[in-house]
Amino acid sequence: MALIPIKDVRINYPLAEQKGLIKGEDDSLYQQVYALYQKGLDAFLLQNTSLRKYEEKLTNSPLDFGVMPQEKRNSFHKNSYLGLDYFYVRNFLFIEKLSLEDLNVLIEKVSQNNEVIDERILEIVKRTFKDVIVDNYRDGVYKEHTTTCYGHFIPSNIVPSSHLVIALQYGKNNKTYERDDFYRNQQAKDQFLKELVEEMKKELESILNIEVTVLVRTFVGE
């Protein structure tokens, strides 16, 4: 399993150490459990939402949505288990919030090198993900109504921490356009994406009963 670097994430280190996920400088177990939970969350989303439908809309669009090359994708896109070219979960995961009972299930699978997402994992994810994605550990305590910046520090990247955040990433055009045609195509893309994001947000919120933010990433990246 691929591992997300956690050095810049607001982990509750005392709680993670208390639950045995981190031992001194060794955070390898935390990362492995994190990756397994991410894989479970992505599987849960694929099973219960229409992310593949929105992927197909971009793939089949005549507006020439290129795919971001693997080597230029950010770590969250590279390490996504959705298996989609255009979408990935952008939330950080705070697995130290899980109960010891739930963590033991994940740790046992990690110890067995078992990456299969079974019904036990899906049940844990379904029951806990709305809390696990919330980035609200500040100054040694959990706070309400926090925000999280996903990417560069600009207003559009600052999101309420309780939201499920899905990134929509597309790459450069596959065709070559004259200047005016390029801008016309980009304007058409912007309108297409605005409508797609509104539809996607409404549908996911209805299915998952959680507020959703869809962050649009162009070929420039975050």
Side-chain angles (χ1 to χ4, degrees), residues 1-4 6 9-22 27-54 76 79-84 87-138 141-148 150 159-167 200-215:
M1 291 181 290
L3 304 180
I4 292 281
I6 63 173
V9 179
R10 297 186 185 93
I11 295 171
N12 183 339
Y13 278 91
L15 183 59
E17 289 180 333
Q18 177 187 326
K19 293 184 176 180
L21 292 166
I22 295 177
D27 60 13
S28 58
L29 180 59
Y30 190 103
Q31 290 197 349
Q32 291 176 75
V33 174
Y34 186 114
L36 182 60
Y37 191 97
Q38 181 76 69
K39 190 174 184 180
L41 176 59
D42 288 358
F44 172 78
L45 292 174
L46 285 175
Q47 288 184 18
N48 292 279
T49 72
S50 299
L51 285 175
R52 287 194 180 94
K53 176 183 73 175
Y54 296 105
F76 290 86
N79 295 336
S80 173
Y81 296 97
L82 291 175
L84 303 177
F87 295 100
Y88 56 97
V89 176
R90 186 58 179 82
N91 296 89
F92 303 107
L93 305 178
F94 300 92
I95 57 168
E96 67 273 17
K97 292 182 177 182
L98 294 169
S99 69
L100 286 174
E101 182 179 0
D102 289 338
L103 281 172
N104 285 337
V105 172
L106 296 166
I107 290 170
E108 180 182 7
K109 289 182 72 70
V110 165
S111 69
Q112 297 170 348
N113 293 318
N114 182 356
E115 300 180 18
V116 176
I117 302 303
D118 56 23
E119 289 303 318
R120 289 189 306 166
I121 300 297
L122 291 173
E123 187 277 328
I124 289 172
V125 167
K126 179 180 179 179
R127 177 165 40 81
T128 64
F129 82 94
K130 293 177 185 178
D131 185 38
V132 168
I133 65 171
V134 181
D135 177 10
N136 63 337
Y137 188 65
R138 303 286 190 277
V141 295
Y142 288 107
K143 297 185 177 181
E144 295 184 8
H145 310 303
T146 58
T147 59
T148 301
Y150 296 101
V159 179
S161 299
S162 58
H163 286 205
L164 174 66
V165 181
I166 304 294
M200 183 176 167
K201 174 180 169 65
K202 182 177 180 181
E203 181 175 330
L204 265 62
E205 289 182 342
S206 174
I207 293 170
L208 300 172
N209 193 29
I210 186 175
E211 291 187 272
V212 174
T213 292
V214 182
L215 295 176

Is the shortest side-chain heavy-atom distance between [X] and [Y] below 4.5 Å?
| X | Y | value |
| --- | --- | --- |
| Leu208 | Leu45 | yes |
| Ile117 | Leu36 | yes |
| Phe129 | Ile210 | yes |
| Ile124 | Leu122 | no |
| Ile166 | Leu204 | yes |

Phe92 vs Thr148, test: side-chain contact (heavy atoms from CB on, under 4.5 Å). Steps then yes/no.
CA-CA 10 Å; Phe92 303 107; Thr148 301; 4.0 Å; yes

Closest non-hydrogen atom pair, [X] against [Y]:
| X | Y | answer |
| --- | --- | --- |
| Glu96 | Leu15 | O-CD2, 3.4 Å |
| Gly20 | Leu29 | O-CD2, 3.4 Å |
| Asp131 | Lys97 | O-NZ, 3.1 Å |
| Val212 | Glu205 | N-OE2, 2.9 Å |

Please determine, by modelled atom types, if Ser161 and Asp135 share a side-chain donor-acceptor pair under 3.5 angstrom.
no

If we count only N and O atoms by modelled type, under 3.5 Å, do the side chains of Gln38 and Asp42 hold a donor and an acceptor together?
yes

Residue list, salt bridge (charged side-chain N to carboxylate O under 4.0 Å, His left out) with Glu203, at least two apart or on another chain
Lys53

Give the C-alpha distance, both sets of side-chain angles, the deciding distance and a yes or no for side-chain contact (heavy atoms from CB on, under 4.5 Å) between Val165 and Val89.
CA-CA 6 Å; Val165 181; Val89 176; over 6 Å; no

Considering residues, nucleotides and ligands other than Gln112, do more than 12 of their heavy atoms fall under 6.0 Å from its CD?
yes

Can you confirm whether more than 12 heavy atoms, excluding those of Lys126, are under 6.0 Å from its NZ atom?
no

Check for me whether the distance between the ring centres of Tyr37 and Phe44 falls short of 6.0 Å.
no

Centroid-centroid distance, Tyr142 to Tyr137, less than 6.0 Å:
yes

Could you walk me through whether Leu82 and Arg52 pass the side-chain contact (heavy atoms from CB on, under 4.5 Å) check?
CA-CA 9 Å; Leu82 291 175; Arg52 287 194 180 94; over 6 Å; no

Interatomic distance, [X] atom [atom1] to [Y] atom [atom2] [nearest 0.5 angstrom]:
| X | Y | atom1 | atom2 | answer |
| --- | --- | --- | --- | --- |
| Ile107 | Leu98 | CD1 | CG | 9.5 Å |
| Tyr150 | His163 | OH | NE2 | 9.5 Å |
| Met200 | Tyr54 | CE | OH | 7.0 Å |
| Asn12 | Arg138 | CG | CZ | 12.0 Å |
| Lys202 | Ile207 | NZ | CD1 | 12.5 Å |
| Ile11 | Ile95 | CD1 | CD1 | 8.0 Å |

Arg10 to Tyr13 six-membered ring, cation-pi geometry met (6.0 Å, 45°)
no

Looking at [X] and [Y], would you say the former's side chain and the latter's main chain have a donor-acceptor pair under 3.5 Å?
| X | Y | answer |
| --- | --- | --- |
| Asp118 | Ile121 | yes |
| Asn114 | Val116 | yes |
| Glu123 | Glu119 | no |

Working for side chain to side chain donor-acceptor pair (under 3.5 Å), residues Asn104 and Lys19:
CA-CA 10 Å; Asn104 285 337; Lys19 293 184 176 180; over 6 Å; no

Between Lys39 and Glu115, does any side-chain N to carboxylate O distance fall below 4.0 Å?
yes

Mind checking side chain to side chain contact (heavy atoms under 4.5 Å, CB included) for Thr147 and listing every partner two or more places apart, or none if nothing turns up?
Ile158

